[in-house]
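Comments concern the structure below.
Letters go in sequence order (proteins before strands), and every chain restarts at 1.
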Amino acid sequence: MTAKKQLTIAVSGLNNIDSPGPGIPVIRALKESTLFDVRIIGLSYEALEPGLYMHNLVDKSYQVPFPSAGTDALIERISYIHQCENISVIIPNFDAELSNFMKLENRLLAEFGIKMFLPTQDQFDERHKSNLFEFGLKHGIKVPYSKMIFSTAEIPALLNEFSFPIVVKGKYYEAYIAYNIEQIHSYFNKLTSKWGLPIIIQQYVFGSEVNVTAIGDGNGNAIGAVPMRKLYITDKGKAWAGISLDDDKLVQIANKLIASSKWRGGMELEFIKTAENDYYLLEINPRFPAWVYLAKGCGQNHPEALVRMALGETVEPFKNYEVGKMFVRYSYDLIVDLKEFEQISTLGELS
Amino acid sequence: MEKLRYERPVVKKLNTGMMNKFGTRTEYNPVTHIDGVSVKELIGQYGSPLFVISERTIRQTYQDCKRAFTNRYPRVQMAWSYKTNYINAVCNVFHQEGSWAEVVSGFEYNKALQNGVPGNKIIFNGPDKTDNDLKLAIDHNSLIHIDHLDELYRLMEITKEVNKRPRVAIRVNMDTGVYPMWDRFGFNYETGQAWDAINKIILNDQMDLVGLHCHIGTFMLTANAYAIAASKLADLAYHIHAKFNKKITYIDLGGGFASKNTLRGSYLQGNVSSPSFDDYAEAICSALLNAEYSKQELPLLILETGRALIDDAGSLCGTVLANKRLSDGRRATIMDFGVNILFTSFWYEHKLSPAQEFSHYTEDGVVYGPLCMNIDVIRENITLPPMKKGDNVVVHSVGAYNMTQWMQFIAMRPNVVMIDMDSKVHLIRNKETLEYINNIEEMPAYLKEFTLS
Amino acid sequence: MKIKKNIAISESGFIFNPTTGDSFSTNPIGFEIIHLLKEDKNKEEIKQTILSRYAVDESTFEKDFYDFSTLLQNSQIAEE
């Protein structure tokens, strides 16, 4: 048996809270890789991200500047971290930080030899909530009718095109279901103050939500795709438990979407399956979902495949996955010494 | 023993959900020099506040932009948008680089003429052109861009009076998929207004329709809208040729390219979300090259880019007047410049750098201007290192619109200097004086005297 | 003004208030002032120490000290 290859991988999204980021699940999948022996560097934005204190998974952590600080601040910080840690691969897991990392992808490779496997700027823009309707038309995927609005003055006219309930979505995160005009107004204000303009208005489609975690090689090949239905949802709308599905049609749609868009990297597809067995694409998240560890549990280690592709290897598509595997989320109270909080708060580093 | 550098003591609550110091530590670097000239010395010599223009940045940015287009399309002409910054020295840097002039009033038109721009290289835009302006423009063989039907009819009458054939274009507005649609300027494409105007001009046969103009909006964050505009204009030009056998020699796509500033209310910094010159050029040039032209008859592409060419070249140096603590605990810093001279702070989150060394400790706060007016806010939320009275700051990317939209309100406008390619400083606009303001006022005789008891 | 008895402050400028559970950070000069306060130095003594060590004039420091004291009290690190 050959020894596993040693790699240092930096991962963000350590916010393993009640509405978890994908960082810790990605790290678990990587730690269980049969090919790599990984040292994990956590990249955190806040001193209370639980992943910081999970020392069995995260070997060392560094604070990084908020995405709004821009690319210069980010590359300066990465440069410092790289000097200390010699990073091979970075896996960013927040939507809001992806723009910065995509802008820096070439520089990180050229200046530090750090590899990533991210969607292209065009793919990232095209799947944007505000462009998703056109994305669907272009790639032959059904998407609920939607439009962007920039001002509350546009709200009254919406009723010419939409009927209640109506989904009101923020540019980056969050969505609310409105049943009357007043609710649209209040959600508009709530979402713009947080995420800016535009706001996306979408026709609500009745049915059950099914999701796919998938990964594309950038040449049109879907390397893996595992469909899942949420079994129980928290009051924040996040999955509490879910189960992998035997749904060929859904996997075919995912494959078609990846083939047509030549998607590069990990992604989550959110669909509504109607009573007529139609699938409506609601959202494309340009990174792994927090439940990506289920794919590993079903026999498809997507994070490992992503690292291999980042390193330039050719990866054969996964052929199957186990159906009927469940994930059940639980919370766990870590006991943390104040010293550790002090370290990350004042030094910006924690080992 | 030499004393230690002093910094105001601060204490800051950790993890209140906002950025902590590691989120901000690298966001700020002191900016002690602009193009090699010390900010302190600039302020010492020319006073505070002070606008500083970098000639080096203007030329570099202009050349980057020009190259992005000429690499993709053979015939490109830039026209300097006077309203963006019409300080003569600034205009002449652009003219030296080869820019024509793009003006929107008789005042700007005469400014361009006096700067030495030949009349046939002035583009006259905008809805407000007086009879005298039009006559002057016809006389100098300038390119008159017609904005509305009233102007078109008036121009026909004047043409008869002066018995000359002006060179004209019409401004076209259209749906390019962006919001808000600028349909208040020019003739609409989708409703047929544009064709109506074109028919009138050509059938009337008193002027030469040589170009088509379009300006889709401002601070456009999507390059694709330009591709739509370019292909619609190219299509229009093609059909004019097919119908009247008349060649449209240029297509003017106006301005509207975003600068690297961050718009208020947007989450990402402008330098991440704004398209580059290459992005705009790719969209526009490929749309034109894909249109139905043979290689020989490609129209001249005119660009009136203003903001994206001058914004980064302008800085505003200022001084901290005072610090205070607001009732909610936030720090308020009062600067000696306000919205009167930094008009763009109404729509940008201007980046601000201290002009002296500081440690990595920061405080959340507000930055106010000096005006006795509640709206005088430069930054509503900003994390800055502690600064004391008399410290200097540099506000970045203020070259566009501030030196034309500034107000003589409460205080007078400050000096403007330009740092040349050799880092030599030139005063290019004197600060205003009481005499300058009083000179244009008149006092009725009966108001001259009064007594106060 | 006194720093509350149970306030813990470490060399890195990290301050912990065990009564409220809040933590804070301060810059080196803030750290120094808090230490002087802990040693029961009065305002005048603190001023003299800082003026002798740092390049600052009296009125600037008085303003800043007033502001800093208010912050410490608002943050429940110090009390009258």
Are D67(C) and K324(B) close enough for a salt bridge, meaning some N to O gap below 4.0 Å?
no
Toward chain B, the part of N74(C) with a non-hydrogen atom under 4.5 Å:
neither
For F346(B), I'd like to know if atom CZ has over 12 heavy atoms of other residues, nucleotides or ligands within 6.0 Å.
yes
Measure from the side-chain N and O atoms of N27(C) to the backbone N and O of R8(B), and report whether any donor-acceptor pair falls under 3.5 Å.
yes
Do you know which of L71(C), I34(C), I33(C) has the most heavy-atom pairs under 4.5 Å to chain B?
L71(C)
More than 12 heavy atoms of other groups within 6.0 Å of E39(C) CD
yes
Should V10(B) and F68(C) be marked as a side chain to side chain contact (heavy atoms under 4.5 Å, CB included) after you check the CA-CA gap, both sets of side-chain angles, and the distance that decides it?
CA-CA 6 Å; V10(B) 290; F68(C) 187 62; 5.6 Å; no
Between K389(B) (side chain only) and T60(C) (backbone N and O only), is there a donor and an acceptor less than 3.5 Å apart?
no
Should P9(B) and D64(C) count as side-chain neighbours, where that means a heavy-atom distance under 4.5 Å?
yes
Answer yes or no: are there more than 12 heavy-atom neighbours, outside K431(B) itself, under 6.0 Å from its atom NZ?
no
CG of N42(C): more than 12 outside heavy atoms within 6.0 angstrom?
yes
Quick one: of V56(C), L72(C), T70(C), D22(C), who has the most non-hydrogen atom pairs under 4.5 Å with chain B?
V56(C)
Less than 4.5 Å to any heavy atom of chain B: does that hold for the side chain of I15(C), its backbone, both, or neither?
side chain
Part of F61(C) lying under 4.5 Å from any heavy atom of chain B
both
Indicate the atoms forming the closest heavy-atom contact of R5(B) with Y54(C), along with that distance.
O-CD2, 3.4 Å
Does CD in E41(B) sit with more than 12 non-hydrogen atoms of other residues, nucleotides or ligands closer than 6.0 Å?
no
